[in-house]
Amino acid sequence: MVILMVFLRIQYLATYLEKSVIVARSEGSVREESPQLLHDTSDMLEDVLKQGGLPSQLSYSSDFHRLQELSSPISRLLSTELLEQIQAITQNMPQLVERVEQFLRRNTMRDRKGKTILCETPVDPLYPECSSKMDWMQNFWTSDPCYASYGVDGSNCSFLIYLSEVEDFCPPLAWRNYTQPKIPQKAEEHRPAAFRLDITVLLAALGKSKESLRFMGRRIRRLAPQWATAARRLEKRLVGQWRQEKRILVHMGFLTEDVFSSVVSKGGPLGEMVQWADILTALYVLGHRVEVSASFKDLQGFLGVPQRRNSCPVTGSLPFDLIYTDYHGLRQMREYMGVSLKAHQCRIRVIDTFGTEPAYNNKLYAVKNGYRSNWGHWNLDCRQYMTMFPHTPDNSFMGFVADELSKSEKLHVSKNKAKNMVVVYGKDISMWKVRGKEHLLEVLRRHMDVHATVYHQAWSATVMPPFVKNHGLLSQKDLQKLLKKAKVFVGLGFPYEGPAPLEAVANGCIFLQPKFHPPHSSLNHKFFEGKPTSREVTSQHPYMERHIGKPHVMTVNFNNSQELEATIQELLRTKVEPYLPFEYTCEGMLERVHAYIQHQDFCAPTDPLPPASFSKLWPGNPHSPFVLLSNSTRLAWEPSVPAPPSWPPLSSLQALLSQPGLSCTETCRSIAMVCEPTFFHFINSKQALSSLNVRCEMWEVEANHIFPAVSREQRRCSLQKEPLLFSCAGLSARHRRLCPCRDARHGQVALCRDCL
């Protein structure tokens, strides 16, 4: 190889000298550069000798004499036979050179400083699809002219630039010094939001094209007086506060294929439609500009997506500050917007009935650690998922409303309650196909008259016992009348966590429900398979069991005849008034949604998490911003230290260590507080653990949904590396978790006392 390189250098020198002589002759004399040329050529020949391993101890008085002396060892180095071999090897040199040049054109480019960069496909666990996307681009980049419009020219460098800066499948390229451009937005008008009491415009926007929409319209119209009263109350409490009007798109993805319209009149599940009707009303009554979408065509029009779009991402701004949708709608938006959805996902709010925990939300972590599901892996901030009931504080509790009785109505209900009437929860015949229901119904029959509201079908009598009086499927108004008269509303175990039990208690019923032992979860019950949560459901309606409880809610093991009989005797002796938690009133929902819209901002940049070895300087330069409460094992924010901007405010923070095997949700609940995921960012530090008198021999920073935490032996302290994995729900038998708790407003678990 050295001999070959020597030969190539000599060929280059010969060509160089020949061209130089031709130039000199054409000008009629030797140019002034010729002496320098002789000197450079001599240097290059001497370098050739060194590469060939020959002695170069020569003496010469001039560059010309130097060239003569160098020619002799060069000649000895290159014998005739060797030259012939080299020439044979170099016959294909033009093709080789061309291939090398092609490789360099495809795989290298120069950065801003002129340095040559090799465009290799990076290996980064945070970008697992980078390699496959590079392969796809190499084969199909010409399939759509839009790629060329982004500068893709068939080279690996252009593929890497596109995949890292346009589609975000590959990591940022350090040599590009690229900053993600901000999507241009229209000048914000900052118009104030004004409460609306007339829902006529909302009903017109909702339309009547589908039976499901007509059902929602009837509900909105029926509850309109309660919404108006609640709006007046909240307006008085918020007097003097600036409320900004938001542009909001509400896309109900589950209605796009309209599978619900056929079951609305047959007792099908209506919980989703109840919640969406109340969300629409709350947003509208609060004074925001609301657009309603319930079809693919509507969604395309509102997003500004053409009927036939190209393969490249949609660019430009969206005319909405917030987008409320569901998992179906989220998938549809990704289909229409492509990877450009990521630039707008901070504005999305996902209405999620059962909740999504952080371990399932982070795609890479879920795949690696066995948390894959049918619905998760969207890499949103988990507070962007909004639930029907407050399942986990990792998500935001959206809720819905139930009818709130006036004082005179409550008095009327109390006077006219039947003492021995029970209504079975289950308007669809499938809800009656529960194992062991016959025993429960026989026990109830001995003490009460049993009623039902099941949609009439020819074969329904074969499933329902003959002693059950079936009223058929009732309108909402007629169902309210029946509940106002009944003493007990009993659940058969399914459906889980629907709105009906709350409505029954609001109308003065006692809700009797089964206790699940063991609790139902994705590990032992088909219904929860594929759902992005590890939550264990201890009864048919955990919210009713935990947040309301006796005397309005009685939870019992239906398989224990003695316990069941005793509970029925107890509820027959118990007299209750109609009860509705404030958070499920119209005013409670308006208060909650108002706070979310005005204070939750997932588009604002957040400070990166510091490494474990980093000692952060807090405002005012204290060693730690935390103080250990007197006679307590809890931390609070030091009042003398200026608190960074936060919602909820840090004044509501109390942090403590959990017991092994307990989640932060359970730990905070044990001290009558609520786990607050926002605060994880502030307590994920050495200072917080040190302030709790934790002494650790080792520190680590890792992506794990139970961190920050301390090992059971308190020898290793672990901080969180990935902010998306901060989790109130995570638990580990080997760790004590560092838990951020906060207080809560009376009757409003979603908000702290100072959150308004």
Side-chain angles (χ1 to χ4, degrees), residues 92-185 300 303-318 331-347 362-364 367 377-380 603 605 608 724:
N92 294 323
M93 284 301 295
Q95 293 89 338
L96 178 61
V97 171
E98 177 62 26
R99 290 182 182 179
V100 171
E101 290 179 349
Q102 289 178 357
F103 173 83
L104 293 176
R105 284 196 300 269
R106 287 181 54 84
N107 296 279
T108 64
M109 68 180 303
R110 294 187 182 276
D111 62 11
R112 295 181 178 181
K113 297 181 179 180
K115 182 180 178 181
T116 300
I117 301 297
L118 180 62
C119 299
E120 296 180 296
T121 302
V123 178
D124 189 328
L126 296 178
Y127 298 85
E129 298 179 82
C130 183
S131 179
S132 61
K133 290 295 181 181
M134 282 288 290
D135 294 339
W136 189 94
M137 290 294 290
Q138 289 171 355
N139 293 310
F140 301 108
W141 74 273
T142 58
S143 62
D144 196 309
C146 74
Y147 293 114
S149 68
Y150 281 99
V152 177
D153 58 10
S155 68
N156 282 1
C157 294
S158 68
F159 298 154
L160 268 181
I161 292 171
Y162 176 84
L163 291 174
S164 66
E165 298 177 6
V166 180
E167 293 210 11
D168 198 30
F169 282 112
C170 294
L173 307 174
W175 46 271
R176 283 281 292 176
N177 194 25
Y178 174 77
T179 302
Q180 181 72 30
K182 292 184 178 180
I183 296 177
Q185 301 294 330
Q300 286 179 304
L303 295 179
V305 178
Q307 293 292 326
R308 186 184 182 282
R309 54 177 293 267
N310 56 35
S311 303
C312 293
V314 175
T315 58
S317 61
L318 290 179
R331 289 174 175 172
Q332 292 158 10
M333 291 178 66
R334 181 175 62 183
E335 177 183 345
Y336 292 137
M337 300 178 68
V339 294
S340 61
L341 175 64
K342 186 172 183 179
H344 304 282
Q345 70 182 27
C346 62
R347 307 181 204 174
N362 185 280
K363 183 175 182 180
L364 180 61
V367 171
H377 62 68
W378 284 90
N379 291 329
L380 301 177
C603 298
L724 290 181

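- Residues D124 and P171 come closest through the heavy atom pair OD2-CB, 3.8 Å.
- Using a 3.5 Å distance cut-off with no hydrogens or angles, the side chains of E120 and N156 do not pair a donor with an acceptor.
- Q332 is linked by a side-chain hydrogen bond (donor to acceptor under 3.5 Å, both in side chains) to H251, T256, counting only residues two or more places apart in sequence or in another chain.
- Side-chain atoms of R331 and W378, non-hydrogen and from C-beta on, do get closer than 4.5 Å to each other.
- Distance check: L173 CG to S164 OG gives 3.5 Å after rounding to the nearest 0.5 Å.
- Applying the side-chain hydrogen bond (donor to acceptor under 3.5 Å, both in side chains) test to K363 and every residue at least two apart in sequence or in another chain returns nothing.
- Ring-plane geometry between W141 and F159 is classed as tilted, the angle between the planes lying from 30 to 60 degrees on a 0 to 90 degree scale.
- The distance from atom SG of C603 to atom CZ of R347, rounded to the nearest 0.5 Å, is 6.0 Å.
- Here CE of M134 is found 11.5 Å from CG of N139. Values are rounded to the nearest 0.5 Å.
- Atom OG of S158 is separated from atom CG of D153 by 4.0 Å, given to the nearest 0.5 angstrom.
- Taking CG of L303 as the reference point, atom CE of M333 lies at 5.5 Å (rounded to 0.5 Å).
- What you find for S131 and T121 is that their closest heavy atoms are CA-CG2, 3.9 Å.
- Here the straight-line distance linking atom NE2 of H377 with atom CG of L364 works out to 13.0 Å at 0.5 Å rounding.
- Between N362 and N379, the closest heavy-atom pair is CA-OD1, 3.2 Å.
- Between P122 and L160, the shortest heavy-atom distance links the atoms CD-CD2, 3.6 Å.
- Heavy atoms only, all atoms of each residue included: F140 and Y147 are closest at O-CE1, 4.5 Å.
- The closest side-chain heavy-atom distance from Y127 to P172 is below 4.5 Å.
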